[in-house]
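Below, chains carry the letters A, B, ... as their sequence lines are ordered, and counting in each starts from 1. We use all heavy atoms of the structure for the numbers below, so side chains are in, but hydrogens, waters and symmetry mates are not.
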2 protein chains.
Amino acid sequence: MANIQQVAQKAGVSVATVSRVLNHATSVSPKTRLKVENAIRELNYEPSMLGRNLRNSESRLLLVLLPSISNPFYTEVINGIQNTAIANSYNILLCETDSNPQRENIYFNMIKNKLADGVISMDPTVNMQKLNELAESHPVILCSEYEEGGSIPYVTIDSELAAYQAVKHLIKLGNKKIALINSDEKFLYSRQRRSGYERALQEFDLPIRDEWIYHTKDLEFQNGVQAMRMLLELEEKPTAIFAVSDTLAIGALKGINGSGLHVPNDLAIVGFDNISFSNMTNPTLTTVSQPMYKMGVTAANMLIMSIKGEQVESIVLDHDLIIRESTMG
Amino acid sequence: MANIQQVAQKAGVSVATVSRVLNHATSVSPKTRLKVENAIRELNYEPSMLGRNLRNSESRLLLVLLPSISNPFYTEVINGIQNTAIANSYNILLCETDSNPQRENIYFNMIKNKLADGVISMDPTVNMQKLNELAESHPVILCSEYEEGGSIPYVTIDSELAAYQAVKHLIKLGNKKIALINSDEKFLYSRQRRSGYERALQEFDLPIRDEWIYHTKDLEFQNGVQAMRMLLELEEKPTAIFAVSDTLAIGALKGINGSGLHVPNDLAIVGFDNISFSNMTNPTLTTVSQPMYKMGVTAANMLIMSIKGEQVESIVLDHDLIIRESTMG
DNA sequence: CAGAAAATTGTAATCGATTACAAATATGAT
DNA sequence: ATCATATTTGTAATCGATTACAATTTTCTG
């Protein structure tokens, strides 16, 4: 791989001139430009990002932190981020932390080391203290999960309201015994969705029973299956389920299918996220649709503004309740 | 962010000494080491990857090229890659090409520019010519999709055999009219799976009918639904389906569910990949299980060996036919 | 055609690390 | 105490680009 010196030599000019041809084409005569361009072509030269970044302190790379790519929720968000990034001549690097603090550290260092210009964190398990430290001197945006009262700008939806509406939908269908399959309440979205669930129940004078609130460890299908099994073993079984994630809801659906009960006749289910698979299940899943693509676009735009040094404000996007077969009893 | 000069100054030593403390601790007296370590701590110093990489021509970063993260097949493979990489103090960068040549180029340049030490490509749409050029001077490994007779080492499974076994399983169940939902035959795996499909049919003297072979554009669920709709409109309907991807098979399942027919009684289905969804459908999906995690581990090990300059041989891993409800008629 | 102004090109410092080589210091032998 | 040797430390070149400033060439003006 040729370097700028070799190009300069071949073209019979100085490295400065080559650099000028490469960048803001200020004052290079047509003849010289041609000579240089030929030399570049002949040598198959491509400028080194390393040298360039070192000098410019800019990499035009954006880091995207996510706990795991196995949750399809992230897919669409990433699409939005990537398209926006590319439109602004940035590129993205997907970083799976697996909720592992050591990996997280590695990626934080990439930012500190100018290997990337900023981060979008979608990781609810992120170490907020470290992220806040990083955010003092580097552009950081939170996407989906955020910190209440924190100083890092975020883009998210109103989880509490969405949960409230989802549960209200179940109530309007005549359900009085509504269970919640929640994830770990150390996550903000989890607390918010529970809060929306409780608000709806209270508003209609329905009981909030602890045994109808199940907490899962992860968001895998299997956790949903497990949750459903527990709920079906109760003496007083719920007639409807609200799960805080489609993956859990789909697992729950599977759990019910194996039990002889019928969805939606015996049990109605609402999920959350509107992942593409939620339209493939039998029955199809009623769910809260997050504007995932738009969320990604917004997060990327915010980050790019932040990199430019502009002030950015947090944004709450709209959601939708998508009614499908699992609540059409 | 402090640099090595500031640390040197604070510790009252030269930059060389600081560098020595940082790296191979050759000949640094305990006193000096302590001074330097204190300075590092006080300044919160972290060495710049940029400077280091520029000098060392090494980034300890591995690129993983994939067409789209929306296909869950890749998830497990990536896990294997990542764990192996980290065990060897490498990190991975996930790069979604979206089958877009321009994006591909960007990532190829990262390699050329020493921003990454090697690539694992899982992208069947990758520009093989460019990849071959890259492979002449840089470590490259192909994972899953590969080039027959090519010079780039790969890790894969025997797609032809797997398809043959899957279709044979359908035949043994008594099916005589077996359709194939294939993807685009510009992909090697697609041609191989078709070939296995045909071999099985021929072996049992069953007809190979063009109208029973459907080609999809992508591997999204919706493509499977579409394919199934077409197949169900045929005068002579198949009694069994082999789809080259679980996503297609799941879409097909959905297509059948909407038609009043019953799986597996009226129609049996076999998929390919054993993605986690395939166990959540109703009925659950019979499928060919690829050793995804192991494939990732193997690819990463091969790449790391290749980076070290060692010769690596291509590997074909074993697969399994997982029999579930969709063929238990 | 001389001289001023404008356009073009080159020189050299810089970004932050590593490392060969040289210099300084410490240790040991007599 | 002196010299040889071993250990530790420093100096300066290097990786590949960018860019302020200086130097050169071209163009324009009278």
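- If you take CG of B:L34 and P of D:dT8, they are 15 Å apart, rounded to a whole angstrom.
- Atom NZ of B:K112 sits in a crowded spot, with more than 12 heavy atoms from other residues, nucleotides or ligands closer than 6.0 Å.
- Backbone-only contact: A:V13 has heavy atoms under 4.0 Å from sugar-phosphate atoms and none from a base.
- Look at CZ on A:R20: it is 10 Å from P on D:dA20, rounded to the nearest Å.
- In this entry the distance linking CD of B:Q5 with C1' of C:dC15 reads 10 Å, nearest Å.
- The 5' end of DNA chain D is approached more closely, in terms of each residue's nearest nucleotide, by B:T32 than by the other of B:T32 and B:S57.
- Regarding contacts with the backbone of C:dG16, every side-chain N or O of B:S48 stays at 4.0 angstrom or more from both OP1 and OP2.
- Rounding to the nearest 0.5 angstrom, the gap separating the OH atom in A:Y154 from the CE atom in A:M295 is 12.0 Å.
- Among the nucleotides C:dA17, D:dG16, C:dT11, the one closest to the side chain of A:L54 is D:dG16.
- If one axis is set at each end of the helix from C:dC1-D:dG30 to C:dT30-D:dA1 from five pairs, those axes are 50° apart, to 10°.
- Around atom CD of B:E310, more than 12 heavy atoms belonging to other residues, nucleotides or ligands sit under 6.0 Å away.
- Put simply, the side chain of A:R55 and the base of C:dG16 share no donor and acceptor less than 3.5 Å apart.
- Taking every side-chain heavy atom of B:N23 into account, C:dT18 is the closest of C:dT18, D:dA20, D:dT9.
- At the phosphate of D:dT9, neither OP1 nor OP2 sits under 4.0 Å from any side-chain N or O atom of B:S14.
- With the nearest nucleotide of DNA chain C identified for both A:N56 and B:S19, A:N56 has the one nearer the 5' end.
- Residue B:L50 is out of contact with every strand shown, counting any heavy-atom pair closer than 4.0 Å.
- Look at NZ on B:K112: it is 18 Å from C1' on D:dA17, rounded to the nearest Å.
- Screening B:T298, B:L66, B:L303, B:V77 for a side chain to side chain contact (heavy atoms under 4.5 Å, CB included) with B:C143, the sole residue that qualifies is B:V77.
- The B:R52 side chain lies nearest to C:dT18 when the options are C:dT18, D:dA17, C:dT8.
- Other residues, nucleotides and ligands contribute only 12 or fewer heavy atoms inside 6.0 Å of the CD atom of B:Q9.
- Nearest nucleotide to the A:A16 side chain, out of C:dG10, D:dG10, C:dT18: C:dG10.
- Checking C:dT8, D:dT18, D:dG10 against the side-chain heavy atoms of A:S29 singles out C:dT8 as nearest.
- Rounding to whole angstrom units, CG of residue B:L22 and P of C:dT19 are separated by 11 Å.
- Looking at which nucleotide of DNA chain C each of B:K31 and B:Y45 is closest to, the 5′-most match is held by B:Y45.
- Atom pair A:E58:CD and D:dT18:C1' shows a separation of 12 Å (rounding to whole Å applied).
- Contacts of A:S276 classified as side-chain contact (heavy atoms from CB on, under 4.5 Å), with partners at least two apart in sequence or in another chain: B:F221.
- Between B:N105 and B:N127 the shortest side-chain heavy-atom distance does not fall below 4.5 Å.
- The CD1-P distance, from A:I40 to D:dA17, rounds to 10 Å in whole Å.
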For residues 113-125 of chain A, tabulate all N or O donor-acceptor pairs below 3.5 Å that involve a side-chain atom, not counting sequence neighbours.
residue: A:N113; atom: ND2; partner: A:N109; partner atom: O; Å: 3.1
residue: A:N113; atom: ND2; partner: B:P47; partner atom: O; Å: 3.4
residue: A:D117; atom: OD1; partner: A:S59; partner atom: N; Å: 2.8
residue: A:D117; atom: OD1; partner: A:S59; partner atom: OG; Å: 3.0
residue: A:D117; atom: OD2; partner: A:S59; partner atom: N; Å: 3.3
residue: A:D117; atom: OD2; partner: A:R60; partner atom: N; Å: 2.7
residue: A:S121; atom: OG; partner: A:D123; partner atom: N; Å: 3.3
residue: A:D123; atom: OD1; partner: A:T125; partner atom: N; Å: 2.8
residue: A:D123; atom: OD1; partner: A:T125; partner atom: OG1; Å: 2.6
residue: A:D123; atom: OD2; partner: A:T97; partner atom: OG1; Å: 2.6
residue: A:D123; atom: OD2; partner: A:T125; partner atom: OG1; Å: 3.2
residue: A:T125; atom: OG1; partner: A:S99; partner atom: OG; Å: 3.0

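- Straight-line distance from the CD1 atom of A:I4 to the P atom of C:dA12: 17 Å, rounded to whole Å.
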